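Notes for the one structure printed next.
For the numbers below, each heavy atom of this structure counts, side chains included, while hydrogens, waters and symmetry mates do not. Values in this document were obtained by computation on a predicted structure and should not be read as measured data. A, B, ... follow the sequence lines: proteins, then strands. Residue 1 opens every chain.
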Protein chains: 2
Amino acid sequence: MSTAQGARARARIEVTSAIKDEARRQLAAEGAAKLSLRAVARELGMVSSALYRYFPSRDDLLTALIIDAYDSLGEAAEAAHAAASDTGPLRRWVAVCDAVRGWALGHPHEYALIYGSPVPGYTAPDTTVRAASRVGLLLTRIVRDAHRSVGVARTPIPVELRPEAERLTADLAPDLPPEVTMALVAAWAQVYGLIGFELFGQFNRVVEDRETFFRYSVSRIAHEVGLVFPEKE
Amino acid sequence: MSTAQGARARARIEVTSAIKDEARRQLAAEGAAKLSLRAVARELGMVSSALYRYFPSRDDLLTALIIDAYDSLGEAAEAAHAAASDTGPLRRWVAVCDAVRGWALGHPHEYALIYGSPVPGYTAPDTTVRAASRVGLLLTRIVRDAHRSVGVARTPIPVELRPEAERLTADLAPDLPPEVTMALVAAWAQVYGLIGFELFGQFNRVVEDRETFFRYSVSRIAHEVGLVFPEKE
DNA sequence: CTCAAGCGAGAGCAGTGCTCTCGTAAGTGG
DNA sequence: CCACTTACGAGAGCACTGCTCTCGCTTGAG
């Protein structure tokens with residue numbers, strides 16, 4: 001139904017994706033700030049005003065790129081998870097984190113776009129939310145599986161956090177103990193912190209062997225969410 | 001020697017700081033992307049070209065703002081530390097982290113500027129490094145004090161990380177065990193991750209009581225660097 | 001007192017996002 | 001099969017940006 005319904009429509013999605021491709025190229029090359037509609041149009045051999053038939057504004061183009069980036073990152077993470085599906089939870093956890101880091105290093109500007117400072121007056125439309133949560137859901141799944149199979153360690157949480165933890169658990173993973181959901185959310189943020197520091201140069205002249213450092217830190221974070229530590233290397 | 005050496009020089013530093021103030025205002029209001037030299041000049045009643053007598057380019061203005069932001073953040077952290085100087089290490093740790101988070105929430109655009117995605121082709125000049133490391137040094141000091149007074153817990157690190165950990169220790173805190181320095185660097189990155197996720201909206205519709213969540217998470221991270229956990233509330 | 005240096009003003013260049021209008025080509029209803 | 005609406009590309013134009021260059025005035029050092 002969506003295929004071959006008029007050459008017009010087909011051409012439209014083709015041009016749309018050509019615009020996104022060229023925009024992604026410029027984004028990767030120069031960063032979001034230097035992404036220019038006119039330059040994209042120029043490169044595609046069209047005039048700038050024509051581009052507005054496809055994206056109503058530069059921000060809309062950026063939003064489209066952001067969603068694609070989330071999806072690309074999510075796919076990379078899921079692929080890594082699938083490749084490690086026959087190993088234990090800890091190794092899968094590390095594999096997924098590694099994949100996220102790898103994607104971030106390979107697509108620094110796109111990573112910055114989705115996890116760095118948001119563009120000026122930008123608030124994420126709901127469309128992005130689903131794409132954005134893929135990695136988080138994946139990590140949740142790993143912990144959930146681990147919980148089902150071997151059980152996870154728990155650290156008590158203070159009373160004032162209990163309501164928060166229970167709401168979170170109900171939303172994310174009702175089958176997990178609240179302590180774990182809590183730690184899981186924090187863990188994901190912490191992994192993001194490690195990647196961000198590396199990517200944005202805060203580790204320059206501080207950490208040298210960043211891959212080893214990352215793997216180690218991420219393992220410790222995994223321990224925090226209850227994944228058993230002394231899993232066979 | 002630096003005071004009152006010619007009205008010319010005095011006027012210069014006055015205008016320079018007036019420019020920075022107005023630029024900071026625009027930065028806070030609209031974000032780095034919308035900071036415009038011409039708008040700054042306009043607001044100050046001068047013509048845009050005059051501004052180039054003080055800052056050779058827009059990037060140089062931004063760099064100046066970045067250094068000031070680092071200093072402002074560092075001061076906030078150090079003030080919080082001083083205010084909690086008669087308490088235990090864990091509470092001081094939490095106080096400093098809290099101050100950093102507070103500063104970040106109060107200056108989101110400036111925080112984004114220094115810890116979010118770096119501006120386009122920008123590489124931090126050495127001038128910024130010193131200002132940038134103030135918070136890290138402060139956290140190091142807390143852990144170092146704790147180590148001297150009560151000792152800190154250690155978690156063994158894998159062999160492949162030993163050289164890294166030892167180099168790091170030599171650079172940062174020779175009096176600390178390598179396991180701790182290692183964990184400390186990771187901890188700082190993780191704290192940054194928590195703040196970043198909150199600031200950039202990743203906790204929207206996920207975490208509600210963010211202050212409590214942050215304090216708790218930061219306490220757990222403190223535990224990771226060996227600060228004793230069951231310190232009296 | 002002289003004179004080079006510092007400074008502000010203005011014009012100007014190349015670039016940007018975005019709007020509007022105008023022909024033309026494509027697909028649709030009669 | 002033909003008229004008509006719709007989608008689209010081109011072009012001109014507006015307001016804005018960072019940045020450069022030149023021109024005079026002011027200032028402070030020699």
| query | For A/Arg42 and C/dT16, is the shortest distance between a side-chain N/O and OP1 or OP2 below 4.0 Å? | reply | yes

Mind listing the N/O atom pairs, protein and nucleotides 11-14 of chain D, below 3.5 Å?
| from | atom 1 | to | atom 2 | distance (Å) |
| --- | --- | --- | --- | --- |
| D/dG11 | N7 | A/Ser49 | OG | 3.4 |
| D/dG11 | O6 | A/Ser49 | OG | 2.6 |
| D/dG13 | O6 | A/Arg38 | NH2 | 3.4 |

| request: Could you tell me the separation between the CG atom of A/Leu51 and the P atom of D/dA10, rounded to a whole number of Å? | output: 11 Å

| query | How does each nucleotide of nucleotides 23-28 of chain D score, in 5' to 3' order, for protein heavy atoms under 4.0 Å: base (B), sugar-phosphate only (S), or none (-)? | reply | ----SS

| field | Rounded distance in Å - CD (A/Gln26) to P (C/dT16) | value | 9 Å

| field | Length of the NZ-P vector between B/Lys34 and D/dT17, whole Å | value | 12 Å

| request: Output yes when a side-chain donor or acceptor of A/Glu164 lies under 3.5 Å from a complementary backbone atom of B/Glu208, and no otherwise. | output: yes

| said: One thing to verify: whether A/Asp21 and A/Arg25 come together as a salt bridge, which I'm taking to mean a side-chain N less than 4.0 angstrom from a carboxylate O. | reply: no

| query | Expressed in angstrom and rounded to an integer, what is the separation of A/Arg10 atom CZ from C/dA26 atom C1'? | reply | 14 Å

In a table with atom names and distances, give each donor-acceptor pair under 3.5 Å that connects a side chain of residues 181-200 of chain A to protein atoms at least two apart or in another chain.
| from | atom 1 | to | atom 2 | distance (Å) |
| --- | --- | --- | --- | --- |
| A/Thr181 | OG1 | A/Thr169 | OG1 | 2.7 |
| A/Thr181 | OG1 | A/Pro177 | O | 3.2 |
| A/Thr181 | OG1 | A/Pro178 | O | 3.2 |
| A/Tyr192 | OH | A/Tyr115 | O | 2.8 |
| A/Glu198 | OE1 | A/Arg101 | NE | 2.9 |
| A/Glu198 | OE2 | A/Arg101 | NH2 | 2.9 |

| field | Side-chain donor/acceptor of B/Arg134 to backbone N/O of B/Glu78, under 3.5 Å | value | no

| Distance check: side-chain N/O of A/Arg12 vs OP1/OP2 of D/dC8, anything under 4.0 Å? | yes

| message | If you compare every side-chain N and O of A/Ser57 against the phosphate oxygens of C/dG17 (OP1, OP2), does one of them come in below 4.0 Å? | response | no

| task | With sequence neighbours left out, write down each residue that passes salt bridge (charged side-chain N to carboxylate O under 4.0 Å, His left out) with A/Asp60, or none if nothing qualifies. | result | none

| note | Rounded to whole Å, CG of B/Leu44 lies from P of C/dG8 at a distance of 11 Å

| query | Can you check the A/Leu61 CG to C/dG17 C1' distance for me, whole Å? | reply | 12 Å

| request: Starting at atom CD1 of B/Ile13, determine the distance to atom P of C/dG6, rounded to an integer number of angstrom. | output: 17 Å

| query | What's the CG-P distance between B/Leu37 and C/dT16, to the nearest Å? | reply | 18 Å

| message | For the CZ atom on B/Arg141, are there more than 12 heavy atoms of other groups (residues, nucleotides or ligands in this structure) within a distance under 6.0 Å? | response | no

| request: Just call it for A/Leu35: base, sugar-phosphate, or nothing, with non-hydrogen atoms closer than 4.0 Å on any strand. | output: sugar-phosphate

Give the table of side-chain donor-acceptor pairs shorter than 3.5 Å for residues 43-52 of chain A, with sequence neighbours excluded, one pair per line with atom names and distance.
none

| query | At under 4.0 Å between heavy atoms, what does B/Tyr54 touch on the DNA or RNA strands: base, sugar-phosphate, or nothing? | reply | sugar-phosphate

| query | Side chain of B/Trp93, backbone of B/Val218: donor and acceptor closer than 3.5 Å? | reply | yes

| Any idea which of D/dG9, D/dC19, C/dC18 is nearest the A/Tyr52 side chain? | C/dC18

| remark: side-chain contact (heavy atoms from CB on, under 4.5 Å) filter on B/Arg215, not counting sequence neighbours, yields B/Val94, B/Asp98, B/Glu211

